S.K.: 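After the structure tokens below, expect a handful of questions from me.
For clarity, every value in this text was computed on a predicted model and none was experimentally measured. Count residues from 1 along the sequence.
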Amino acid sequence: MGNSFAITTTFIAYLILMLAIGVIAYQRTKNSTDYFLGGRSLGPWPAALSAGASDMSGWLLLGLPGYAYAAGIEAFWLAGGLLVGTWANWLINAKRLRTYSITTDALTIPEFFSRRFNDNSKMIQTISAFFILLFFLFYTSSGLVAGGKLFETVFGLDYTVAVIIGTICVVSYTMFGGFLAVSWTDLVQGLLMAAALMIVPIAAMQGDFGDLSSKLEAINPQLLTLWNDSKGEPLSAVAIISLVAWGLGYFGQPHILARFKATRSNKDLTTARRIAVVWTGLSMVGALLVGLVGLIYVTNSGGVSLDDGEKIFMLLVNAMFHPVVAGILLAAILAAIMSTADSQLLVSSSALAEDFYKQVYKKDATTEEVVTVGRVAVVAISIVALFLAMTPDSTVLGLVSYAWAGFGAAFGPAMVLSLYWSRMNRNGALAGIIVGGVTIVVWKQLSGGLFDMYEIVPGIIFSALAIVVVSLITGEPDETVKAQHEKFKKQLVELE
């Protein structure tokens, strides 16, 4: 089944479509604004689905169903936190960030922070770019691990070969098409992902959702409670906070924030927010149902065994659908992987090209030169991520959780406060970014008691405290920063 001609043909057709979109976008990419922000031309649908698809990645079809497969209803804490986080990020950050990035004429997040606080030393820009490269290596690796599991399961390929093939697929259209290719392909991929996550569990249960709870109860009653784990042990406050706190990560994700800056108008962002929240809600419910239904299927089907819960979506698709339909549904996993990995590679390449090369190495670099450096950076970063992905035992959810926390803590508090608090200064921003990023790295190495809490929680708390305390004890922002903030507030009203 896995090596069937129909599935292979479907995959090839899908990849050709994505590469074709990349070629069209390449023809429309003339300068660095086009390459890194698509000329700020996204409408509400591509903005919303591109943000969602680049956010969710392979973990939506592998990691989250795998977690629900192992933990049951407990997984709703995680999904609920992410849904609320999605809504809050669009509501709190979107319009203000788009407006402020126009006020400061900033393409990248590090460049935005640098210009927002008139940082002539470029320290904020350089350190922000460093954290982007560090955490995106883990994030991109998670996508490559997901790709490896996909090609390994579908085509029976060796894991190493499978990861390399998946990497080549993603790099190809990202390198040439830039942000437009990424956003347009994300629109297609986001629709495909949501459709697959709704079709598979409905088909598996044959519309009989009334039986779901009783069947799960027969397997393990503890799978049906929000307050106990699958072994019947009560969930601690630390465990629940850690799951819900995933939603806090949204405020600092560079690849999601980039969609706000690239949207056509502030009015479009209101429509985009509604689309994004509905898409996220449907996708979350579908992913959780895939895991729960998959557990019932594996338990009741006799000889079927599953050594890796993150492959449950693939197992259900292969077992229940005609090869042509299976090929399309499995392409949704590839869509999820590609939609996130391409965005991460693009943000990483922009950090290298705009924030390191142009700011530190060659200040008079032309836009064409910056785009070329960005394309080379896509290849270089993907090679490093490829080496990190070469361990088959890596879990998609594990790799994502580290990178997600890193961005959430390093950039989340700094982003929100920079958009709302006029008293925040350059020193406070720098302190918050450093404290947030370092807290994640250090906390991750500790364990036991409070240290078992997901590192994003202390990271965000310490980062916010650092921003407020350092800003207050180091004097007010200079007159240039104050004037710019006033200009931003006027623009915000004008663009409503």
S.K.: Test your reading of the model: is there a side-chain donor-acceptor pair from S418 to the backbone of M415, 3.5 Å cut-off?
M.R.: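 Checking the backbone N and O of M415 against the side chain of S418, a donor-acceptor pair under 3.5 Å is found.
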S.K.: Looking only at side-chain N and O atoms, does D55 offer a donor or acceptor that is under 3.5 Å from a partner on Y250?
M.R.: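 Distance-only check passes for Y250 and D55.
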S.K.: Could you tell me whether the side chains of E74 and Y67 share a donor-acceptor contact shorter than 3.5 Å?
M.R.: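 Per modelled atom types, E74 and Y67 side chains form a pair under 3.5 Å.
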S.K.: Restricting to non-hydrogen atoms, name the atom on A68 and the atom on L288 that form the minimum distance, rounded to 0.1 Å.
M.R.: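 Scanning both residues, the minimum pair turns out to be CB-O, 3.7 Å.
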S.K.: May I ask you to decide if S401's main-chain N or O and Y454's side chain share a donor-acceptor pair within less than 3.5 Å?
M.R.: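 The answer is yes, because a donor-acceptor pair under 3.5 Å joins these two groups.
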S.K.: Please report the closest heavy-atom contact between A276 and A48, naming both atoms and the distance.
M.R.: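 Nearest heavy atoms, A276 then A48: N-CB, 3.8 Å.
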S.K.: Name the orientation class of the two ring planes belonging to F136 and F407 (parallel below 30°, tilted from 30 to 60°, perpendicular beyond 60°).
M.R.: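 Because their plane-to-plane angle lies in the 30° to 60° range, the rings of F136 and F407 count as tilted.
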S.K.: If you take all heavy atoms of Y420 and I92, which pair is closest and at what distance?
M.R.: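 Smallest interatomic distance, heavy atoms only, reads OH-O, 2.7 Å.
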S.K.: Would you find a donor on one side and an acceptor on the other, under 3.5 Å apart, between the side chain of E455 and the backbone of T439?
M.R.: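 Here the side-chain-to-backbone pair does not exist.
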S.K.: Is N93 reaching over with its side chain to a backbone N or O of L257, donor-acceptor style, under 3.5 angstrom?
M.R.: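 No; judged by distance alone, with no hydrogens or angles, the pair does not exist.
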S.K.: List the atom of E152, the atom of K311, and the distance in Å for their closest heavy-atom pair.
M.R.: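 Looks like OE1-NZ, 3.4 Å.
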S.K.: I'd like to know if the side chain of W77 and the backbone of L226 have a donor-acceptor N/O pair within less than 3.5 Å.
M.R.: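 Judged by distance alone, yes, a pair lies under 3.5 Å.
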